[in-house]
Amino acid sequence: MEDVERGTTCRATRLLPWTSPEGKPCYLIPDDDGSGYLSRLADKVESVQLVMGERLLQHAEALISDPATGSTELRFLSAQLSESLRAVLRVAESRGARLPVPESDGDDREPGESLL
């Protein structure tokens with residue numbers, strides 16, 4: 001995006017996969033090619049978060065299917081699943097925001113709107 005009056009270029013920010021100590025979102029203005037140290041670190045953290053979410057889901061399926069699982073274990077599982085879902089949604093939001101915006105094809109439907 002170019003600011004014609006100032007002759008400068010604005011780069012999109014990247015939502016990072018962690019928050020500030022106050023719980024606020026953290027953003028990065030990445031290098032032109034997105035290969036800077038913090039970008040690479042964020043990529044690694046996102047990968048770890050996705051793998052952890054997948055493993056937690058497998059663990060959850062096992063606990064839920066076991067009738068001997070107690071309410072305390074299920075509450076703890078729920079808390080862990082909530083945290084994992086929060087992380088995965090942050091990854092999805094960050095990656096989605098970095099996707100190129102497709103050119104209009106003349107279709108005026110809202111995203112997710114049926115063709116019917």
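Hydrogens, waters and symmetry mates are skipped; everything else that's a heavy atom, side chains included, is used. Just so it is clear, the model here is predicted, and its values are computed rather than measured.
Salt-bridge formation is not detected for the pair R14/E93: no Lys NZ or Arg NE/NH1/NH2 atom is positioned less than 4.0 Å from an Asp or Glu carboxylate oxygen. Between R95 and D43 no salt bridge is recorded (no basic side-chain N to carboxylate O distance below 4.0 Å).
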Without placing hydrogens or testing angles, list every side-chain donor-acceptor pair under 3.5 Å for residues 79-91, not counting sequence neighbours.
| residue | atom | partner | partner atom | Å |
| --- | --- | --- | --- | --- |
| S82 | OG | S78 | O | 2.9 |
| E83 | OE1 | R86 | NH1 | 2.9 |

Return a table of donor-acceptor pairs under 3.5 angstrom between the side chains of residues 63-70 and protein atoms on other chains or two or more places apart.
| residue | atom | partner | partner atom | Å |
| --- | --- | --- | --- | --- |
| S65 | OG | E61 | O | 3.1 |
| S65 | OG | A62 | O | 3.0 |
| D66 | OD1 | A68 | N | 2.9 |
| T69 | OG1 | L63 | O | 2.7 |
| T69 | OG1 | D66 | O | 3.1 |

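Atom OH in Y27 sits 9.5 Å away from atom CG in L16 (nearest 0.5 Å). We find the CG-SG distance between L38 and C26 to be 10.0 Å, quoted to the nearest 0.5 Å. Considering OG of S39 and CG of L28, their distance stands at 4.5 Å, rounded to 0.5 Å.
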Show your reasoning for whether side-chain contact (heavy atoms from CB on, under 4.5 Å) applies to Y37 and D31. CA-CA 9 Å; Y37 173 76; D31 296 341; over 6 Å; no

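Contact of the L15 side chain with the P25 side chain is registered, since non-hydrogen atoms from C-beta on lie closer than 4.5 Å.
By the rule that hydrophobic residues join a cluster once side-chain heavy atoms approach within less than 4.5 Å of another member, L74 and L56 end up as members of one cluster.
Other residues, nucleotides and ligands contribute only 12 or fewer heavy atoms inside 6.0 Å of the CZ atom of R55. Heavy-atom contacts from other residues, nucleotides or ligands closer than 6.0 Å to CD of E54 number 12 or fewer.
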